[in-house]
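Below is one structure, written out as structure tokens; the observations come after it.
Atoms within a ligand are numbered from 1 in the order they appear, just like the ligands themselves.
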Amino acid sequence: MTTTATGRFPGYGEHAPLDLTDLPAAASRAVVSRLLDGTFDAFSDAAARVGNCAHPIRLVGSSTTVDAATGEIRSSFSSTDAPLGVLLRPCGNRRADVCPACSRVYARDTFEVIRTGVLGGKTVPDTVSRSPLVFATLTAPSFGHVHGLRDKGAGRCRPGQRGVCEHGRPRSCHTIHPAGDPQLSAPLCWDCYDWTTAVVWQFHAPELWRRFTIALRRRLADRLDVPESRLKHHASVQFAKVAEFQARGLVHFHALIRVDGPDGPGSTAPVDGIDLADLVRQAAPAVECTAPPVDRDDVTRVLRFGAQLDVRTVRTGLASVDDSQALHPDQVAAYLAKYATKSTSTDPSSPSPHLARLDRECRYLAARAATACRPDGVEPDEYTDGCACGHCIDGPYRLLAKWAHMLGFRGHFATKSRRYSVTLGKLRRARARFQRLREDADRDGRTLDTADLETRLLADDDETTLVIGSWTYQGSGWLNPGDKTLADAAAARAREYAQWRATQRA
Ligand SMILES: [Zn+2]
Ligand SMILES: [Zn+2]
Ligand SMILES: [Zn+2]
Ligand SMILES: [Zn+2]
């Protein structure tokens with residue numbers, strides 16, 4: 001697609017049809033038949049209502065909206081009234097490779113959740129924009145040397161190392177790896193690399209993060225010279241955190257950490273952003289988590305974050321300091337939100353070999369854990385009788401098989417503390433409310449009342465109406481390949497439009 005620098009978006013109008021090149025025969029037949037039987041507009045309407053979701057959920061049934069106070073029936077709705085005779089709901093998937101349309105909604109909502117915790121708005125007091133704020137990246141430790149880009153791709157990989165490892169492989173690599181080289185982030189020696197500890201670390205990473213937040217609160221209490229149990233009467237620590245998969249298949253945590261006073265978000269904090277950054281720098285390296293052995297052949301491990309720790313003050317919260325030279329809060333929020341929609345980069349069709357190896361390690365460790373009670377010296381894969389004690393099934397590492405596609409990471413990608421900002425749930429509820437208000441207005445032929453709209457949509461108390469319904473799941477996905485192709489193309493065009501608008505703003 002070409003865009004002009006100014007003026008109208010060139011993707012509108014009859015001269016700019018949707019990109020449907022290489023349309024499979026079945027899809028084009030389906031499109032033609034919608035045009036011929038007059039259901040094309042109904043499809044367009046349905047696709048617009050689910051935001052061009054790639055795999056909408058199909059529901060059949062009906063619901064009635066009742067005034068909770070009077071019992072009066074306000075409206076009723078049946079799937080037979082819906083444009084295609086079936087009620088469609090967006091799939092809501094977070095991952096761009098599964099549903100581009102829904103993942104953008106998720107990314108936007110995540111951005112709003114993160115941004116409002118930095119700048120306020122959407123029920124979050126504007127005064128949070130004066131609270132001290134720190135941006136921190138906590139990393140995974142090294143589990144062996146890996147190939148890497150050096151000096152932004154200009155330098156050689158690992159030139160200075162002498163000799164060979166115990167497997168006879170060189171400890172050095174003189175290659176200048178180009179970007180996209182599948183060797184990048186793969187171990188120099190696969191036999192030296194500690195795959196087991198890497199997976200065990202990743203499995204416990206959410207626990208490490210949890211302990212970090214406790215350690216930070218403890219250090220803050222110390223700094224304020226108050227007992228930990230009384231900290232809430234002096235300050236509160238709030239955060240938004242996103243897990244990002246590195247190319248080597250291990251997560252980093254990126255977090256915005258804010259300190260408020262005792263009276264909730266945006267109340268005056270008893271420390272500044274420089275103190276807060278110091279406390280983060282002290283707390284992170286001290287965090288430990290003891291991981292039990294996978295089985296009796298394994299060892300107990302003490303896990304920590306990596307030595308690489310990046311902590312920056314975004315806002316000091318001091319009136320005397322000009323924070324404008326620091327990171328821009330809006331940019332930091334956008335940066336965090338971007339990671340929330342990235343997946344593991346293990347493209348299931350062709351994962352990089354080292355990521356596939358981590359995936360296998362997860363399954364292998366789960367299998368070992370399943371028969372952890374087996375006698376000494378018996379190899380787990382030769383021991384077909386499974387568990388003899390009846391308790392192995394309760395062991396934590398059994399879950400590694402379930403999380404193998406996540407390379408052992410079982411946490412959430414984006415999390416936040418309770419009082420950081422608005423919740424995703426609240427934003428979703430507001431969107432559903434908006435849709436209902438708009439549909440009601442459309443049906444009654446009036447324009448939507450926009451006075452205090454945002455406040456009304458985000459209000460905590462539920463509306464005065466009650467929705468009673470009975471719905472059955474019919475399936476997911478579009479009804480034919482033509483609908484799917486059109487929805488995907490429309491979603492792609494919407495993305496182009498968003499990009500075009502962003503360049504216009506810039
Ligand atoms: Zn979707
Ligand atoms: Zn290399
Ligand atoms: Zn080796
Ligand atoms: Zn057992």
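- Between Tyr497 and Trp500, the distance separating the two ring centers is shorter than 6.0 angstrom.
- Of the charged side-chain nitrogens involved, at least one lies within less than 4.0 Å of a carboxylate oxygen, so that Lys122 and Glu454 count as a salt-bridged pair.
- Taking Pro83 as the reference, Ala42, Asp45, Ala46, Arg49 meet the side-chain contact (heavy atoms from CB on, under 4.5 Å) condition, with sequence neighbours excluded.
- Taking a cut-off of 2.8 Å, the protein N, O or S atoms nearer than that to the Zn ion (ligand 1) are Cys53 SG, Cys91 SG, Cys99 SG, Cys102 SG.
- No cation-pi contact links Arg301 to Trp201, judged by a cut-off of 6.0 Å to the six-membered ring centre and 45° from its axis.
- No side-chain donor from either of Glu244 and His252 sits under 3.5 Å from a side-chain acceptor of the other.
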Requested in this report: Determine, step by step, whether Phe253 and Val242 satisfy the side-chain contact (heavy atoms from CB on, under 4.5 Å) criterion, reporting the C-alpha distance in whole Å, the side-chain angles of both residues, the deciding distance to 0.1 Å, and the verdict.
Outcome: CA-CA 6 Å; Phe253 291 127; Val242 165; over 6 Å; no
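- Phe203 is linked by a ring-ring contact (aromatic ring centres under 6.0 Å, His included) to Tyr397, counting only residues two or more places apart in sequence or in another chain.
- Taking 2.8 Å as the threshold, His391 does not count as a candidate ligand of the Zn ion (ligand 4), since none of its N, O or S atoms lies below it.
- Here CZ of Arg34 is found 7.0 Å from CZ of Phe43. Values are rounded to the nearest 0.5 Å.
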Report task. Go through Ser476 and His55 one step at a time and tell me if the side chain to side chain donor-acceptor pair (under 3.5 Å) criterion holds. Result -> CA-CA 6 Å; Ser476 41; His55 319 275; over 6 Å; no
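- Between Phe40 and Leu486, the shortest heavy-atom contact is CE1-CD1, 3.5 Å.
- For the Zn ion (ligand 3), the neighbouring protein N/O/S atoms at less than 2.8 Å, given as residue and atom, are Cys165 SG, His167 ND1, Cys189 SG, Cys192 SG.
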